[in-house]
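Take a look at the structure set out below.
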There are 2 protein chains.
Amino acid sequence: MSCAHSYVPQLRARGYRMTPQRLAILHVLHHSGRHLSPSEVYEQARMELPSLTETTVYRTLDFLAENGLARPAYMGSGRLVYEIARHEHHHLKCRNCGHEMEVQHDLLKTLYRQLESETGYRLTDSHVTFFGLCSDCQKGE
Amino acid sequence: MSCAHSYVPQLRARGYRMTPQRLAILHVLHHSGRHLSPSEVYEQARMELPSLTETTVYRTLDFLAENGLARPAYMGSGRLVYEIARHEHHHLKCRNCGHEMEVQHDLLKTLYRQLESETGYRLTDSHVTFFGLCSDCQKGE
DNA sequence: TTTCTTATTGCAACTTTTTGCAATAATATA
DNA sequence: TATATTATTGCAAAAAGTTGCAATAAGAAA
Ligand SMILES: [Mn+2]
Ligand SMILES: [Mn+2]
Ligand SMILES: [Zn+2]
Ligand SMILES: [Zn+2]
């Protein structure tokens with residue numbers, strides 16, 4: 001049934017527990033593959049686990065992000081969305097039509113190195129969204 | 001009194017009006033110079049204009065951002081903060097101690113050009129926050 | 001299997017942010 | 001200056017997100 005069981009060891013190793021709530025939420029994130037808002041997660045996970053509450057969804061999404069199993073993103077809606085953690089990537093979004101595309105992290109590696117050497121910081125996970133106008137929307141401006 | 005009057009022409013040109021509410025909020029943003037949360041803006045602007053409401057603060061901050069007079073930022077608190085629009089820049093923030101530093105946009109210009117030529121997008125204003133560990137916090141990890 | 005520890009959940013109350021709508025007031029025009 | 005137009009505001013209600021705390025249950029240990 002749940003592919004989400006594969007996350008158990010990662011939690012155990014840190015002293016945390018696997019629960020039906022976490023399983024259901026991980027399952028939803030894993031199969032959707034895209035960015036989901038907390039209420040979308042709630043609606044979908046509730047179908048597997050009707051007793052789930054919204055409070056738990058908020059807390060769990062935050063918990064999963066904190067522990068590297070999910071990634072939060074600000075896609076310009078003003079609200080946080082989440083996705084299952086996979087390869088490092090970023091986003092490009094059109095301010096006009098909302099079109100989104102993924103940006104491979106490779107493209108940012110040079111920048112990251114430069115930032116690190118100039119500031120002394122070590123850059124960890126980032127998941128940023130750049131904004132602009134897609135090629136279609138540039139025509140009719 | 002209010003340096004914020006200088007913003008009048010920018011609004012008029014787009015068919016918008018200047019109001020005491022906008023004046024007070026611009027004044028607060030202009031003089032603070034840093035990122036402020038909506039409630040910080042509300043508290044401070046209310047001292048100039050006691051009749052101001054929180055609803056208006058939220059709507060005005062959104063309006064100012066939409067029209068390029070203010071910039072929204074996600075600094076990792078999960079909530080949006082705003083600052084007066086000035087030179088283009090970005091941020092670097094320590095996940096451990098919260099230390100922040102500004103990143104000049106110049107450092108991202110190469111990346112922007114590369115993204116533009118690879119995707120066809122034209123990148124407009126962005127104001128991103130990168131996360132990592134500052135040099136102090138790297139020692140005690 | 002049973003017991004024990006404590007991480008996790010649900011509930012209720014609270015805070016923050018958004019929205020619809022009628023009243024208000026900025027400003028263009030007469 | 002008086003009038004008309006409509007962008008903007010405030011209010012009240014709704015939606016989204018957070019928090020404290022007691023009850024529950026995951027999983028380690030007996
Ligand atoms: Mn993503
Ligand atoms: Mn900034
Ligand atoms: Zn577009
Ligand atoms: Zn630090």
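Chain letters run A, B, ... following the sequence lines, proteins first, then strands; residues in each count from 1.
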Send over the distance from [X] [atom1] to [N] [atom2], rounded to a whole Å.
{"X": "B:I25", "N": "D:dT8", "atom1": "CD1", "atom2": "P", "answer": "13 Å"}
{"X": "A:D62", "N": "D:dT18", "atom1": "CG", "atom2": "P", "answer": "8 Å"}
{"X": "A:Y74", "N": "D:dG17", "atom1": "OH", "atom2": "C1'", "answer": "13 Å"}
{"X": "A:F63", "N": "D:dT19", "atom1": "CZ", "atom2": "C1'", "answer": "18 Å"}
{"X": "A:M18", "N": "D:dA26", "atom1": "CE", "atom2": "C1'", "answer": "12 Å"}
{"X": "A:L61", "N": "C:dT8", "atom1": "CG", "atom2": "C1'", "answer": "15 Å"}
{"X": "A:Y16", "N": "D:dA28", "atom1": "OH", "atom2": "P", "answer": "15 Å"}
{"X": "A:R14", "N": "D:dG27", "atom1": "CZ", "atom2": "C1'", "answer": "19 Å"}

What pairs of residues pass the side-chain hydrogen bond (donor to acceptor under 3.5 Å, both in side chains) test when at least one of them lies in residues 91-103 of chain B, not counting sequence neighbours?
->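 Found A:Y121-B:H99, A:D125-B:R95, B:H35-B:H91, B:R86-B:E102, B:H87-B:E102, B:H89-B:H91, B:H91-B:H127.
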State which residues pass side-chain hydrogen bond (donor to acceptor under 3.5 Å, both in side chains) with A:S135; sequence neighbours excluded, sorted by chain then number.
-> none
When A:T60 is tested against each of A:L29, A:L69, A:I25 for side-chain contact (heavy atoms from CB on, under 4.5 Å), which residue passes?
->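 When side-chain contact (heavy atoms from CB on, under 4.5 Å) is applied between A:T60 and each of A:L29, A:L69, A:I25, only A:I25 qualifies.
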Residue pairs involving residues 68-77 of chain A (criterion salt bridge (Lys or Arg N to Asp or Glu O under 4.0 Å); sequence neighbours excluded) | none
Pair listing, salt bridge (Lys or Arg N to Asp or Glu O under 4.0 Å) test, anchored in residues 18-34 of chain B, at least two apart |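 Passing the test, one end in residues 18-34 of chain B: B:R34-B:E40.
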A correct 5'-to-3' footprint of nucleotides 9-18 of chain C, with B, S and - meaning base, sugar-phosphate only and no protein heavy atom under 4.0 Å, is SBBB---SSB
Would you mind writing out the side-chain donor-acceptor pairs for residues 51-58 of chain B within the sub-3.5 Å range, not counting sequence neighbours?
{"residue": "B:T53", "atom": "OG1", "partner": "B:T56", "partner atom": "N", "Å": "3.3"}
{"residue": "B:T53", "atom": "OG1", "partner": "B:T56", "partner atom": "OG1", "Å": "3.1"}

